[in-house]
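Worksheet for the structure shown next.
As the structure lists them, so they are numbered: ligands from 1, and atoms in each ligand from 1.
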Amino acid sequence: MSKILEIKNLTKKFKDFTAVKKVSFDVDEGGFFSILGPSGCGKTTLLRMISGFIKESHGEIFIRGESMNGIPPEHRPVNIVFQSLALFPMMNVRENVAFGLKRQKLKKAEVDDRVADMLARVSLQGFEKKKVTELSGGQRQRVAIARSLVMKPSILLLDEPLGALDRKLREHMKIELKLLQKELGTTFIYITHDQSEALVMSDKVAVMNKGRFEQIDTPRNLYKNPKTAFVAGFVGESNRLELKDRDGDFITTKNGWRLEKQGLDFNPEVLYVRPEAFILAPTEDLTGINRFNVKIKTVLFDGSNTKVSAIESTSGAVILISLPQNAKFENLKEGDTVEVGINYDNLKCY
Ligand code: ATP
């Protein structure tokens, strides 16, 4: 697959503060690439360099093999959708979507055709004359995307575009966005601090922390094989166990669990255990696996899984456990003391 975007050692310094540090990556033509990281890690700064709104301190950006060095934003084959959407409130839907094309002084017939086609693609036919202030949050979102896509950018940059929507609409819009991207075949670069958005929509996700990329991978690999402690903690839910002691064939964690060293990656400092890595005794075979007593604090059933928060008996640490939907677990209740084991495949050491 050909690369539409290549970023090499991109760095941005604001006086003595380095917001983006030697970031390198490339994006496949037609891909959905997300940059995921906490607030302030440098996502927006990176996006602004790609769009040309700010100039990099070092490094290079190539789009379809062409260096973007010295090319102003309006001449880059990219378009940006902001969290604020930045729609024109006095204009109707059609005028908002037509705005960029009119500025290019295209013939009216071409503008009309392209706007009608794009509104159909985002399911907004019949809304042409409505003011954007009369639309729902999700509809406004679609207008903003249509307004950018109608310009036929090679790459659409999306800066937390679902951030202002309520949770239910966000859930819906992330599936819609993914379908739209697949249908149009436009390359999307999407920045977010919401791991579920990144995991659901993307082909590839870069996890960013303090200006650097910690890992670039498929959503499944990020979850299954996080390369760093930061990724393990940031992507998906985990129980974090810090190491206290090593003695012979065992390690002891600060919450008092003794684990057999055999089978663990190496001498860890910190362990991350996914909630689904726990095996509940005595209904399952725990032979040869390290066991701990926990007291059930809450049991939450969400349809497909039973989520249990439990207090680890010796240390009092709260442990999050997720059990598959299974008749064997139906009788679990608050206050029960149960024995749990850990599936070592789902335990990551750093
Ligand atoms: P958020 O998710 O909160 O938008 P972000 O990951 O997009 O965060 P950036 O906006 O890229 O983060 O900011 C990264 C860091 O660079 C922050 O510490 C910010 O304060 C700093 N920064 C951004 N722009 C400037 C600027 N113009 N001058 C100085 N520092 C800046």
Original post:
salt bridge (Lys or Arg N to Asp or Glu O under 4.0 Å) between Asp159 and Lys43: does it pass, once the steps are laid out?
Top reply: CA-CA 8 Å; Asp159 188 350; Lys43 305 180 294 292; over 6 Å; no

Have [X] and [Y] got a donor and an acceptor in their side chains that come within less than 3.5 Å?
X      : Y      : answer
Lys348 : Ser238 : no
Thr298 : Ser309 : yes
Thr253 : Asn255 : yes

Original post:
Cation over ring, Arg142 on Phe127, under 6.0 Å and within 45°?
Top reply: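 Pair Arg142/Phe127 does not count as cation-pi.
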
Original post:
Can you pull the ring-ring contact (aromatic ring centres under 6.0 Å, His included) pairs that have at least one residue in residues 190-247, sequence neighbours excluded?
Top reply: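 Non-adjacent pairs meeting ring-ring contact (aromatic ring centres under 6.0 Å, His included): Phe25-Phe213, Phe32-Tyr190, Phe230-Phe234.
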
Original post:
Exactly which residues line ligand 1, taking a heavy atom under 4.0 Å from it as the test?
Top reply: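 Those residues closer than 4.0 Å to ligand 1 by some heavy atom are Phe14, Phe17, Ala19, Pro38, Ser39, Gly40, Cys41, Gly42, Lys43, Thr44, Thr45, Glu160.
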
